[in-house]
Amino acid sequence: MTIQDWIRFILQSNVVAALVVGSFGVLTLRLGLGKFRSEKWWERKAAAYVAVIEGLHGMQAYTKAIIDEASSDYELSDEYKKALSEASMAGNTEVRKAATIGPLLMSRHASEILGLLVRELDAQKVDEPVIDYHQARLSVLDNALIELRYQAKRDLRT
């Protein structure tokens, strides 16, 4: 058999077709797995942002309720105050956890926002009048929430 016969044999057989189909199969599999990994990573990132923003909302709701109660004649029910307090504590835990592991799941800027928030909350003096303390706390929480929502939109844009 000559070289031309071998080439004709290879081209007429299914060897070339099998190689082409196999190559495209491997390529499709690799691209599909890459897309799957990036989508999973995006979902984890989105879940981290949602957890932190929900936590900030719980902290904010508690602080607003305390301010409203202190500046008016009505008192919050014990059950409602307890529910708000628990949401605030859970939010505080979530924010501190995200500030620690933030760069792993969030952007560098988002973790810097959370780190600054934690430092500002820790720097507040509890011995101030209750309403002044909570108004300062609310201002810090509002600013962090605005910045973090903006950063989450930027970071999660597809």
Side-chain angles (χ1 to χ4, degrees), residues 18-72 74-158:
L19 289 174
V20 170
V21 169
S23 298
F24 278 112
V26 169
L27 180 65
T28 303
L29 180 65
R30 291 190 67 140
L31 292 174
L33 285 174
K35 184 177 180 184
F36 176 75
R37 280 191 209 108
S38 73
E39 286 176 358
K40 280 298 191 187
W41 191 248
W42 186 90
E43 288 172 6
R44 291 191 68 191
K45 204 183 261 195
Y49 275 114
V50 167
V52 171
I53 289 172
E54 285 178 349
L56 283 171
H57 175 73
M59 295 168 72
Q60 186 185 45
Y62 174 76
T63 305
K64 281 182 180 177
I66 296 299
I67 291 170
D68 290 345
E69 183 182 46
S71 62
S72 67
Y74 73 91
E75 251 187 75
L76 299 172
S77 71
D78 290 338
E79 296 84 30
Y80 184 64
K81 202 183 283 189
K82 182 180 177 190
L84 285 174
S85 176
E86 288 172 355
S88 179
M89 286 188 289
N92 188 32
T93 301
E94 192 64 44
V95 165
R96 289 176 185 279
K97 180 175 81 172
T100 304
I101 64 171
L104 177 64
L105 293 174
M106 298 178 175
S107 70
R108 181 183 56 78
H109 189 67
S111 61
E112 288 172 0
I113 292 168
L114 293 173
L116 178 63
L117 171 64
V118 168
R119 286 190 301 278
E120 286 179 347
L121 291 175
D122 288 346
Q124 285 186 315
K125 293 184 173 37
V126 183
D127 59 345
E128 297 174 3
V130 172
I131 194 145
D132 293 343
Y133 168 78
H134 284 289
Q135 284 175 337
R137 181 180 174 87
L138 183 60
S139 175
V140 169
L141 290 170
D142 286 344
N143 290 337
L145 195 53
I146 290 168
E147 288 185 45
L148 195 62
R149 277 193 305 234
Y150 173 76
Q151 190 59 41
K153 285 180 186 177
R154 285 188 66 208
D155 199 18
L156 297 174
R157 191 175 316 150
T158 55

Separation between OG of S111 and CG of L148, rounded to the nearest 0.5 Å: 10.0 Å

Minimum-distance pair of heavy atoms, taken over all atoms of S71 and I131: CB-CD1, 3.8 Å

Nearest heavy-atom neighbours spanning R149 and I53: CG-CD1, 3.9 Å

Please tabulate, for the side chains in residues 56-63, all donor-acceptor contacts under 3.5 angstrom to protein atoms that are two or more places apart in sequence or on a different chain.
unit_1 : atom_1 : unit_2 : atom_2 : d
Q60    : NE2    : D142   : OD1    : 2.3
T63    : OG1    : M59    : O      : 2.8
T63    : OG1    : R137   : NE     : 3.4

K81 atom NZ, neighbour heavy-atom count above 12 within 6.0 Å: yes

Over all atoms of both residues, closest heavy-atom pair of L156 and W42: O-NE1, 2.8 Å

E69 (side chain) donor-acceptor with L76 (main chain) under 3.5 angstrom: yes

From CG (L141) to CG (L138), nearest 0.5 Å: 6.5 Å

Straight-line distance of L114 CG to K97 NZ, nearest 0.5 Å: 12.0 Å

Exercise: identify the closest heavy-atom pair between L105 and W41: CD2-CH2, 4.2 Å

Residues K82, E79: salt bridge by 4.0 Å N-O rule: no

Y74 and D68, any side-chain heavy atoms less than 4.5 Å apart: yes

Considering all heavy atoms, the nearest A99-V118 contact: CB-CG2, 4.0 Å

S88 (side chain) donor-acceptor with L84 (main chain) under 3.5 angstrom: no

Spatial distance of atom OG (S85) from atom CG (D78) [nearest 0.5 Å]: 11.5 Å

Side chain to side chain, T93 and R96, heavy atoms closer than 4.5 Å: no

Criterion side chain to side chain contact (heavy atoms under 4.5 Å, CB included) on V52 and M106, from CA distance to verdict: CA-CA 11 Å; V52 171; M106 298 178 175; 3.4 Å; yes

From L117 atom CG to E112 atom CD, the distance as rounded to the nearest 0.5 Å: 13.5 Å

Residue pair Q135, D132: steps toward the side chain to side chain contact (heavy atoms under 4.5 Å, CB included) verdict: CA-CA 5 Å; Q135 284 175 337; D132 293 343; 4.1 Å; yes

